[in-house]
Amino acid sequence: MQPIELFFPFLNKPFKAVITAHQKPDGDAMGSTLALYHFLTQLGHEVTVISPTNWADFLNWMPGVDKVIDFEANREKSVQIVNTADYIFCLDFNILHRTKHLEPVIQQSSAVKILIDHHQQPDTPSFGYGVSDVKMSSTCEMIYDFIVQSGHSNLINLDIATCLYTGLMTDTGSFRFPSTTASVHKIVAHLKELGLQHSIIHENIYDQGSEARLKFMGNAFLHRMQVFPQYHTAIMSIPKTDIYKFDLKTGDTEGLVNYLLSIQGIKFAAIVIDREEERKWSFRSKGVFDVNIFARTHFEGGGHANAAGGRSSKSVEETTQDFISILENYKP
Ligand code: 5GP
Ligand code: MN
């Protein structure tokens, strides 16, 4: 993978590009892809955002989201667009299999792949150009730097500012995680100067839930949570029956794992959700316990030191038991 700076000269020649991110894109994945979309279209390029899967309803207010193609719902059209692209920008993921069923389509394409990402241990040989920096708060921070460093900060308009703020906010836990550096606050100050309306973004992301979702959460805290004070760990296992009973939609369980860390003394939190194809784990930690290593070692996953994910093909009961047994070896 060559440094991203070597790609800057190509921004001046018209091209066709696809921008994609990880499956079930979150605020940072959607924010960074749309910000880059608004930037590249201003430069006159022909750009399409393709999401590997659907996404949470609470992202549907974002500027440009109406033009995003859901690969799983539009396979033929997506393949056609990927096959005519000169470049594929891969944002907010470190390894191509995070694009799920879109992976083989990207693999077989002759387009040059460009990585912009902040996850641990990126698969750099898969990309022609790129930047990977685990110290970055978010991919949105990296897109801001990409625009500024390529000499185009004058093109940051309100749409780009809105998209960038969304990822900066969601990936820093509303500016509370250690990744929230002075640079993050300086970027936000610049976006505010451009007219950014930050309160509306918080409301759009965090205050659009259903009544059923809150009831689901109440039930989960009462009946699905186990706390292991001796291991400074709390976990939650969500069976499929809960997903149906409370009519959960994509994104409805996002952020739930963070509440477990609000218990005094808890440094390691995990949640497993019984999805259609697999049991999906989310891991969070405070301090030195590295959940990226934990997820990689035991649950076919990865991510960041304090936030990672993984999966299991076992039943939700079995994988929860596995987790509890493993915990004894770690004592976070
Ligand atoms: P979440 O728990 O919110 O799904 O994910 C937490 C972080 O870990 C995110 O940055 C996400 O992109 C990453 N992540 C989640 N699942 C996986 C996985 O299976 N593999 C890898 N490499 N990263 C993951
Ligand atoms: Mn991110």
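Counting starts at 1 for both ligands and their atoms, following the listed order. Numbers here are sequence positions counted from 1.
- Ranked by closest heavy atom to atom 4 (O) of ligand 1, the top entry among S282, G309, G310 is S282.
- Ring geometry for F10 against Y87 counts as tilted: the plane angle lies between 30° and 60°, on a 0 to 90° scale.
- V272 and L260 fall into different hydrophobic clusters, where Ile, Leu, Val, Met, Phe, Trp and Tyr are joined by side-chain heavy atoms under 4.5 Å apart, directly or via other members.
- Salt bridge status for K249 with D247: present, with a side-chain N to carboxylate O gap under 4.0 Å.
- Heavy atoms of K280 found under 4.0 angstrom from ligand 1 belong exclusively to the side chain.
- When non-hydrogen atoms are compared, ligand 1 lies under 4.0 Å from the side chain of R284 (C-beta onward) but not from its backbone.
- Taking a cut-off of under 4.0 Å to the non-hydrogen atoms of N94, the atoms of ligand 1 that pass are 22 (N).
- Protein atoms that are N, O or S and lie under 2.8 Å from the Mn ion (ligand 2) are these: D28 OD2, D92 OD1, H118 NE2, D171 OD2.
- By the side-chain hydrogen bond (donor to acceptor under 3.5 Å, both in side chains) test, T253 is found to be paired with no residue, residues two or more places apart in sequence or in another chain being considered.
- Residue F289 is grouped with residue L327 when hydrophobic side chains (ILVMFWY) are merged at heavy-atom distances under 4.5 angstrom, including chains of intermediate members.
- With sequence neighbours left out, E278 forms a side-chain hydrogen bond (donor to acceptor under 3.5 Å, both in side chains) with R311.
- Between F15 and F7, the ring planes are tilted. Angles from 30° to 60° get that label.
- Looking at K24, E254, R98, it is R98 that brings a heavy atom closest to atom 22 (N) of ligand 1.
- Close approach of ligand 1 to H304 (heavy-atom distance below 4.0 Å) involves ligand atoms 10 (O).
- The residue from G302, G301, G303 that puts a heavy atom closest to atom 24 (C) of ligand 1 is G302.
- K16 and D86 are not joined by a salt bridge, as no carboxylate oxygen comes within less than 4.0 angstrom of a charged side-chain nitrogen.
- The pair K100-E277 meets the salt-bridge criterion, since a charged nitrogen lies less than 4.0 angstrom from a carboxylate oxygen.
- The shortest contact between atom 7 (C) of ligand 1 and any protein heavy atom is with A307 O, 3.6 Å.
- For the pair H119 and ligand 1, the shortest N or O to N or O distance falls below 3.5 Å.
- Closest to atom 8 (O) of ligand 1 among all protein heavy atoms lies A308 CA, 3.3 Å.
- Taking the six-membered ring where tryptophan is involved, the planes of F294 and F299 are tilted, since the angle between them lies from 30° to 60°.
- Screening residues 154-168 for side-chain hydrogen bond (donor to acceptor under 3.5 Å, both in side chains), with sequence neighbours left out, gives Y165-H202.
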